[in-house]
Amino acid sequence: MPHSVTKAVIPAAGLGTRFLPATKALPKEMLPVVDKPAIQYVVEEAVRAGLQDVLFVTGRNKNALENHFDRATELEMILTSKGDAQKLSRVAESTDLANVHYVRQGDPKGLGHAVLRSRDHVGGDSFAVLLGDDIIDGRDMLLERMLQVHDAKDSCVVALMEVDPAQAHLYGIATVEATDEDDVVRVRGLVEKPEPGTAPSNLAVVGRYVLKPEIYPVLEQTEPGRGGEIQLTDALLTMADDEVFGGLHGVVFRGRRYDTGDRLDYIKANVQLAVEREDLGPGLRAWLREFVDGFER
Ligand code: UTP
């Protein structure tokens with residue numbers, strides 16, 4: 001379905017400290033999930049939703065990321081001379097995917113600060129933000145639905161997922177009101193990483209946002225919050241209260257999401273995505289059964 005948004009912003013400037021030492025010289029978004037960097041799945045998702053213009057917000061170690069979405073002339077020449085068309089097409093996949101642009105964050109002062117760095121590129125239009133370490137399964141249409149809701153309500157939109165209440169302290173948690181659509185809620189409150197047992201609901205904000213440009217002046221005014229970082233959540237809360245700009249809506253997502261920023265979830269993501277692959281699935285499934293049997297004995 002057509003929608004008005006054309007630009008995607010992908011912040012990838014975090015320190016990725018949960019993944020050290022793997023992230024000492026590599027952004028965590030470049031860690032492979034099966035055989036593709038996590039961030040490539042995210043760019044593919046943006047393109048599928050019709051967002052061809054992709055801005056990466058990069059930090060230290062940005063070279064690996066830039067190189068991945070650029071030509072790899074030497075490698076292409078070697079594969080061409082060997083006549084290996086299949087591998088050549090794997091190399092070219094990420095080069096031809098989208099129109100990519102880059103902006104530096106400098107100091108990693110938080111997700112809100114990373115989003116603010118996109119202002120000159122985005123200008124006065126609404127835009128989508130996709131976190132580079134959150135993968136949404138390609139068969140589930142989350143971003144498309146969020147873009148529809150943005151156009152219908154003329155408001156900012158966040159993605160929400162039900163989480164185990166015991167895990168709520170790891171997320172931004174929303175207070176919501178129902179609307180007449182089953183998967184759409186009005187967001188009235190947001191609290192970032194609530195103390196265990198104090199979460200107002202089990203609806204967590206996950207890494208997809210459709211934002212109106214009015215968020216930029218709000219972000220500029222947002223003081224550093226938790227951890228000394230400029231929190232996107234704080235600016236979203238201001239948008240939620242602002243009826244003039246349409247407030248804030250949430251799309252409740254019930255599909256498959258893989259959080260590759262957390263070590264255990266990263267390992268699960270690799271297994272889940274690999275078992276569904278035609279080339280790897282049968283072998284991996286058979287091995288997993290044997291492995292689990294041996295483990296339980
Ligand atoms: P996280 O909080 O998960 O990233 O940010 P992190 O700080 O890199 O991770 P740990 O906790 O140290 O392991 C969510 C997303 O926001 C980006 C990250 O790259 C990630 O995609 N981010 C975060 C920025 O781009 N800049 C920042 O200053 C902070």
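We count ligands from 1, going down the list as the structure has it; atoms in each ligand are counted the same way. The shown structure was predicted, so the numbers you read here are calculated from the model rather than taken from an experiment.
- There is a path of hydrophobic side-chain contacts, each under 4.5 Å, that joins Val158 to Leu131.
- Among protein heavy atoms, atom 8 (O) of ligand 1 sits closest to Gly16 N, 2.7 Å.
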Report task. Might you work through the side-chain contact (heavy atoms from CB on, under 4.5 Å) test for Val57 and Val9, ending with a clear yes or no? Result -> CA-CA 7 Å; Val57 183; Val9 173; 3.9 Å; yes
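- The protein does not reach atom 5 (O) of ligand 1 closely, with no heavy atom under 4.0 angstrom from it.
- Salt bridge annotation for Asp154-Lys212: present, with a cationic side-chain nitrogen under 4.0 angstrom from a carboxylate oxygen.
- Residue Glu29 touches ligand 1 through its side chain alone, judged by heavy-atom distances below 4.0 Å.
- The residues Glu276 and Arg139 are annotated as salt-bridged, a charged nitrogen and a carboxylate oxygen being separated by less than 4.0 angstrom.
- A salt bridge links Glu243 with Arg188: the closest approach of a Lys/Arg side-chain nitrogen to an acidic carboxylate oxygen falls below 4.0 angstrom.
- For atom 16 (O) of ligand 1, the closest non-hydrogen atom on the protein side is Leu111 CD1, 3.6 Å.
- If you check which protein heavy atom lies closest to atom 9 (O) of ligand 1, you get Lys28 NZ, 3.1 Å.
- Between Gly110 and ligand 1, at least one pair of N/O atoms sits closer than 3.5 Å.
- In terms of polar-atom proximity, defined here as any N/O pair under 3.5 Å, Pro11 does make such a contact with ligand 1.
- Between Asp265 and Arg18 there is no salt bridge, since no side-chain N of the basic residue sits under 4.0 Å from a carboxylate O of the acidic one.
- For ligand 1, the polar-atom distance check against Gly14 finds a nitrogen or oxygen pair separated by under 3.5 Å.
- Of all atoms in ligand 1, numbered sequentially from 1 with element shown, those under 4.0 Å from a heavy atom of Pro108 are 28 (O).
- Counting only heavy atoms, the protein never gets under 4.0 Å from atom 2 (O) of ligand 1.
- Looking only at protein heavy atoms, the nearest one to atom 7 (O) of ligand 1 is Leu15 N, 4.0 Å.
- Residue Gln105 touches ligand 1 through its side chain alone, judged by heavy-atom distances below 4.0 Å.
- Arg48 CZ: more than 12 foreign heavy atoms inside a 6.0 Å radius.
- Of the protein's non-hydrogen atoms, Arg18 NE, 3.0 Å is the one closest to atom 11 (O) of ligand 1.
- Around CD of Glu74, the count of heavy atoms belonging to other residues, nucleotides or ligands within 6.0 Å does not exceed 12.
- Salt bridge Lys62/Glu29: absent, no basic N to carboxylate O contact under 4.0 Å.
- Remark: ligand 1 atoms within the under-4.0 Å shell around heavy atoms of Ala114 are 24 (C), 25 (O), 26 (N).
- Looking only at heavy atoms of the protein, atom 25 (O) of ligand 1 is closest to Ala13 N, 2.9 Å.
- Residue Leu131 places no N or O, backbone or side chain, under 3.5 Å from any N or O of ligand 1.
- Taking only nitrogen or oxygen atoms, main chain and side chain alike, Val57 does not reach within less than 3.5 Å of ligand 1.
- Ring centroid separation for the pair Tyr258 and Tyr41 does not come in under the 6.0 Å cut-off.
- In the model, Asp53 has no side-chain atom that pairs as donor or acceptor with a side-chain atom of Thr6 under 3.5 Å.
- With contacts defined as side-chain heavy-atom distances shorter than 4.5 Å, the pair His68/Val43 does not qualify.
- Ligand 1 has an N or O atom lying under 3.5 Å from an N or O atom of Thr17, backbone or side chain.
- Proximity to Lys109 (heavy-atom distance under 4.0 Å) selects the following atoms of ligand 1: 28 (O).
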